[in-house]
Structures are given as C-alpha cells and as structure tokens.
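Keep in mind that this is a model prediction, so the values were computed, not measured. Quick note: numbers below take in every heavy atom, side chains included, and nothing from hydrogens, waters or symmetry partners. Letters A, B, ... mirror the listed sequences (proteins, then strands); counts begin at 1.
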Amino acid sequence: MGRKLLLEHINVPGINTLEVYRQKGGYRAVEKALKTLTPDEVVEEVKKSGLRGRGGAGFPTGMKWSFLAKPEGVARYLVCNADESEPGTFKDRYLMTYIPHALIEGMIVSSFALGANTSYIYVRGEMMPQIRILEKAIAEAKAAGFLGKNILGSGYDLELYVQSGGGAYICGEETALLESLEGKRGNPRIKPPFPAIAGLYGCPTVVNNVESIAAVVPIINDGGDEYAKVGIGRSTGTKLISASGNLVKPGVYEIELGLPVEEFIYSDEYCGGIANGKRLKATVAGGSSVPILPANLTLKYANGEPRLMSYESLAEGGFATGTMMGSGGFIAFDEDQCIVRNTWNFSRFYHHESCGQCSPCREGTGWLEKVLHRLEFGHGKMSDIDLLVDVSKKIEGNTICPLGDAAAWPVASAIRHFRDEFEWHVKEPSKSQTSNYGLANYANPIEKKEEEVKQDNS
Amino acid sequence: MLKVEETQPVEFSSALIASFDEIVKRYPAGKQKSALLPILHLVQAEFGWTSAPAMDKVAAYLNIEPIEVYEVASFYTMYFLQPKGKYVLEVCRTGPCCLVGAEKIMDHIEQNLGVKEGEVTADGLFSWRGVECLAACGFGPVLQIGPEYTFYENLTPQSVDTLIDDLRKK
C-alpha cells in the first residue's frame with residue numbers, strides 16, 4: 001500500500017463533518033501554523049516540500065507563493081481553482097465531496113501564509129452539490145472558531161467564500177478565472193502582469209488548485225522535509241489520479257509519485273487492468289490536453305525502461321515518445337477504441353471551449369474539428385492528415401493562454417503515434433464506419449490477460 | 001449567438017432580492033459585479049431560464065449596464081437564453097464518457113423523449129443536450145439535471161428510462 005496523505009480517512013463514516021474530521025486529527029495544521037509559525041515559515045515549509053501545482057502546470061507552489069507582491073495597505077487574495085473541467089479529471093470533485101474540510105483547512109493555512117484576509121473558492125457552476133457541501137463545511141469551521149475574526153486568538157482574520165462559475169472550461173486558466181470572479185466573461189488576461197502582482201481587483205493574488213491547497217495540510221503537520229521524502233526526485237509527495245476509460249476499476253486513486261505505470265493500470269490495488277478482458281491500446285496520462293501515447297510507450301520508454309507515474313518520467317522522451325503528468329487525468333483506451341474518433345471528440349471540446357479571443361485558437365480549433373470530422377466520417381483526404389499537423393503547429397504557442405496548446409497537442413500526438421490509423425480512415429472510408437482499426441502494432445509487447453470476457457450490457 | 005425571445009416583464013420577490021444581498025456581501029465595496037454569475041444562477045433557478053427582462057433587472061440591481069449581463073450570460077454555457085423543459089437532461093459528450101457509451105445514451109434519450117437535442121417535449125417537461133466534460137469521467141456515462149445539478153452516474157438505457165419515468169410522475 002502506498003502512503004496516503006490526502007485520502008487516508010476518506011472511508012471513515014462522517015469524515016465530511018467537522019466533528020469526525022477533527023477526531024481524525026483535522027485542523028491540527030491550522031493550530032500549528034497560527035499558533036507556532038509565522039506566515040513566512042509556512043511558505044518556507046511549502047517550499048521545502050517541493051510541492052508542485054496539482055492543477056496541471058506543475059509549477060512549484062512555494063515558489064509561486066514567494067512571488068506574491070506585498071505592498072503596504074493593499075489587500076491580497078488567495079483564490080482556489082476548483083473549476084475542474086479538464087476531460088479525464090475528477091479528483092477535485094471527489095475530494096470536495098467526501099472530505100471538504102481538507103480543502104477548508106488548507107485554505108486557512110495557505111491564506112495565513114499569504115496574508116490574505118478574504119479568500120475565495122471558485123467552483124465550476126455545474127458542481128452545485130459540491131458548492132453546498134463546501135458552504136456547510138465553511139459554516140461548521142466558522143462556528144468552531146477556525147474562520148472569522150481573531151482565529152484561535154492569533155489576531156488573524158479570515159473570511160472564506162465559495163463562488164460559482166457559469167460553465168466554461170477556460171475559467172480553469174487562472175486569469176480567466178479571476179475575470180470570471182469579477183463578474184466578467186472568462187477571457188484570459190495578457191501576462192505580465194501576473195496575478196501575483198495584479199490579480200483579483202488588481203490586487204496581488206495567488207491562484208492554486210484544490211489538491212495543491214489540500215496538500216498544504218500534511219506539509220504543515222509533518223513538515224516540508226517529511227513530505228519531500230515521499231515520491232521520487234523532483235516529483236515529491238502524493239498525487240490524486242483520476243482514472244477513467246476502459247478500466248476494471250475507474251476512480252480516484254492517491255498514489256505516491258514514482259509508482260510504475262504498469263502497476264497503476266494492472267494491479268488490483270489500483271485500476272485492476274483493462275475492462276471486459278480486453279487489451280490496452282493507448283492512454284492519455286494527464287488529462288485530454290497532454291499527448292496521447294500508444295500502450296507500449298505508456299508502459300515503457302522507447303529504450304524499454306519502465307515508465308513511472310511522476311512529472312519527469314511521464315515526460316521522458318519529450319513529445320516524440322513521452323507525454324505529461326498534467327492534472328493526473330488518466331484515460332485508458334481499449335483495443336476497440338478509435339483514435340480518430342476520440343481525437344475528433346477532443347477537438348470538438350476545444351473548439352467549443354475556446355473563448356474566441358485569439359484568432360489562431362478561435363479559428364484553428366474549428367478547422368481541426370472540421371477536418372477530423374470528415375476523416376472520422378469517411379470523407380477525408382490523405383492531405384488532411386498533414387493539414388491537421390500544419391494547423392496544430394500554427395495554434396501552438398501563438399495564443400494568450402495555454403488552451404491553444406492544449407487543443408494542438410492531442411491532435412499532433414495522435415497523428416505522430418497513430419498515423420496509420422488515420423490513413424486507414426482515408427483508404428477504407430466505408431470500412432472505418434463499421435469497424436475499428438484495432439490494436440495494430442501499438443501494444444505489441446503486452447500479452448492478452450487470460451480473463452473471462454464479461455458481456456457489455458450498455 | 002444571443003437570441004432573446006419576447007417575454008413578459010418579471011418581478012423579483014423580496015426573498016430573491018434578499019438572497020442577492022447575501023451574495024453581494026462577499027465582495028469588497030464597489031465590486032458588486034462579482035455577484036453576477038451566482039445571481040444569474042438564482043434567477044434561472046427561479047424562472048427556469050435567463051430572460052432579457054430578468055437580465056435587465058439584474059443589471060439594475062447590480063448598478064451595471066445591461067450589456068454587461070448579456071455578454072456574460074451568453075458566454076457561459078449554463079445560462080439558458082431560451083425557455084427549456086422543466087427538466088433539462090445534460091449528458092456529458094466528451095471523450096472519457098464516450099469510451100463507455102455516452103453516445104448510445106444520448107441516442108436513447110432522444111428516442112425516449114421524441115425530441116432532438118435542444119428541443120422541448122410537447123408537455124413542456126423535458127429538454128436534453130450534450131454538454132462538455134462534467135468532471136465525473138470515472139463514473140460515466142453521466143448526466144446532470146438543474147437547478148440542483150443532481151448527478152446520475154454509470155447510466156444505462158434502463159436507468160435513463162427509469163429516471164425519465166420518475167420525473168414524469170413527480
């Protein structure tokens with residue numbers, strides 16, 4: 001069993017209440033930080049922990065905190081990014097649903113570290129049930145004296161509010177989120193200035209993912225050095241992985257970074273292998289925006305060494321043979337899935353979610369969707385494949401925010417690794433409507449597991 | 001595209017206004033526009049959709065221009081700018097859910113309700129549409145129904161039929 005730092009008590013009945021959460025050691029980090037540490041010492045612990053942003057970018061959280069400007073007499077804000085919308089990612093919903101006080105506790109400690117007296121949790125609007133759960137948890141924490149004026153007699157004041165979004169993937173980008181929190185359309189801002197200098201209402205602001213903020217709790221309880229002992233290399237600590245697609249046991253798993261990918265997919269402690277006795281064809285390891293990899297490169301590097309679930313190992317080989325950790329949204333595709341169809345589906349998503357501000361993204365995502373649609377539905381030309389690569393290259397790096405890159409990478413990587421499947425759609429337009437290209441050579445090192453084939457009723 | 005249908009003027013009850021007041025308190029003085037998205041959710045929950053007269057009243061309440069409300073309501077996907085059925089079934093149509101049968105579920109809903117995506121059933125009870133990732137990929141296929149945004153996970157054609165029957169009987 002791997003160590004659990006966030007979900008250790010997830011199955012304890014009533015852990016969503018303050019009472020049970022306290023019984024399991026909850027709010028110790030608030031007491032420790034507010035009574036025995038200075039804000040700078042909290043920042044120092046987080047720096048020592050090596051914690052990297054869990055929303056997708058993987059930027060060191062402590063370093064992000066240390067960039068926060070602290071001009072006299074100007075309010076500072078901490079905003080939690082709970083706009084979880086990256087396809088394949090559902091860990092934050094899980095954490096907020098089942099153990100909301102972990103986020104509230106993390107928000108209090110983090111707000112204290114940053115000197116914020118008002119903090120917001122921006123939750124995507126579709127998560128109304130989670131918004132209500134968090135509001136209840138905040139009310140409990142306030143009644144117990146962990147929020148409000150002069151918390152635990154420390155002289156520190158904090159008000160914490162939940163803000164609902166309106167349904168827009170782009171608001172997961174931190175400056176779009178801030179625009180949205182100001183009651184505007186979610187158009188990302190031009191940077192610089194970064195939010196650390198001019199964020200919410202023009203004030204210095206830190207935006208952190210739900211999981212990053214929750215991870216501050218064990219970091220303060222046990223110390224940054226202890227946290228840094230978990231994991232591997234610069235990938236310290238544990239990570240919540242959202243596992244979806246054709247797996248025996250999809251769901252949210254907390255892993256120690258450094259777990260072999262093969263163990264994550266096939267061991268019964270985690271995903272339990274591929275559903276219905278089928279074989280793995282491909283994975284998207286970190287949410288829909290990261291490059292898709294065929295099964296053989298998912299499990300092993302190009303040189304045959306095993307790939308691990310860590311920021312560095314998933315990226316090993318660059319975009320030629322590697323991918324990225326991203327948000328930890330791990331999507332598994334079985335042998336019957338069509339890569340062209342999935343790429344079209346993802347492109348439709350990015351086209352739908354582009355805010356329309358930058359021409360390369362606004363127009364390019366539409367072109368990608370259109371060209372992929374005709375390839376998938378039997379009207380494609382061989383030249384379309386290179387056209388897709390060309391369009392994706394012209395979006396990448398040419399937009400204000402990373403949504404453009406996120407739209408380009410899945411297309412470019414699908415063609416890089418599955419070009420023959422795209423060509424097959426052109427050569428066999430009618431056959432590709434009724435059958436699949438199958439596993440082909442994408443998973444040759446993997447033996448089919450001998451299991452009883454379950455009937456799919458859906 | 002903002003297409004606003006003709007509607008009667010709307011009145012906001014004092015209870016609704018009081019709930020707006022509660023939200024505005026969360027922000028610093030002069031930043032009441034921050035309340036716009038949460039307030040639009042309350043308006044939609046009350047009236048079933050976000051009509052132009054309702055948006056105008058929200059603008060007046062927040063002391064902002066009506067266009068500032070329209071541009072927001074038309075940007076975000078959750079605000080309905082036309083009347084919908086009482087129950088709007090929103091099915092996730094993004095990759096991971098499609099790997100486990102979301103497209104079949106949408107076909108099945110269309111068949112069961114007898115209306116195309118975005119249309120309203122003759123009895124005014126139901127609409128349905130595909131929406132992008134709902135962050136529940138491990139439990140797909142999934143759908144949600146506002147205004148509470150209750151989640152229905154691991155859908156099968158049978159469970160969808162049962163759900164629709166239960167809603168009809170409500």
Part of [X] within contact of chain B (heavy atom distance under 4.5 Å):
| X | answer |
| --- | --- |
| R93(A) | side chain |
| R348(A) | both |
| T343(A) | neither |
| Y120(A) | side chain |
| I170(A) | side chain |
| F346(A) | side chain |
| E159(A) | neither |
| C338(A) | neither |
| A332(A) | backbone |
| E353(A) | side chain |
| V162(A) | backbone |
| Y350(A) | neither |

Just by distance, no angles: are the side chains of [X] and [Y] close enough, under 3.5 Å, to form a donor-acceptor pair?
| X | Y | answer |
| --- | --- | --- |
| Q337(A) | N246(A) | yes |
| S242(A) | T89(A) | no |
| N436(A) | K281(A) | no |
| N209(A) | D92(A) | yes |
| D161(B) | N112(B) | yes |
| Y94(A) | Q130(A) | no |
| E86(A) | S289(A) | yes |
| D56(B) | Y61(B) | no |

Picking from [options], which has the most non-hydrogen pairs under 4.5 angstrom with chain B?
| options | answer |
| --- | --- |
| L181(A), N342(A), I131(A) | L181(A) |
| S85(A), A75(A), P129(A) | P129(A) |
| G329(A), P250(A), S288(A) | P250(A) |
| A243(A), S164(A), G356(A), A168(A) | S164(A) |

Practice task
Identify which part of E103(B) has an atom lying under 4.5 Å from any heavy atom of chain A, answering side chain, backbone, both or neither.
Solution key: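 Just the side chain, heavy atoms under 4.5 Å.
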Problem - Engaged part of P141(B) at the chain A interface, taking heavy atoms whose separation is under 4.5 Å - result: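 Contact with chain A involves no heavy atom of P141(B) at all.
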Handout entry: Atom pair NZ/CD1 of K91(A) and I241(A) - distance to nearest 0.5 Å
Key =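 If I round to the nearest 0.5 Å, the distance is 9.0 Å.
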Contact leader toward chain A among [options], where contacts are heavy-atom pairs under 4.5 Å:
| options | answer |
| --- | --- |
| L62(B), T150(B), L134(B), V69(B) | L134(B) |
| C92(B), A135(B), G138(B) | A135(B) |
| S159(B), C98(B), C133(B) | C133(B) |

Aromatic rings [X] and [Y]: how do their planes relate, parallel, tilted or perpendicular, breaks at 30° and 60°?
| X | Y | result |
| --- | --- | --- |
| F139(B) | F90(A) | perpendicular |
| F264(A) | Y270(A) | tilted |
| Y79(B) | H41(B) | tilted |

Problem - Working for side-chain hydrogen bond (donor to acceptor under 3.5 Å, both in side chains), residues S180(A) and Y122(A) - result: CA-CA 9 Å; S180(A) 182; Y122(A) 181 100; 2.6 Å; yes
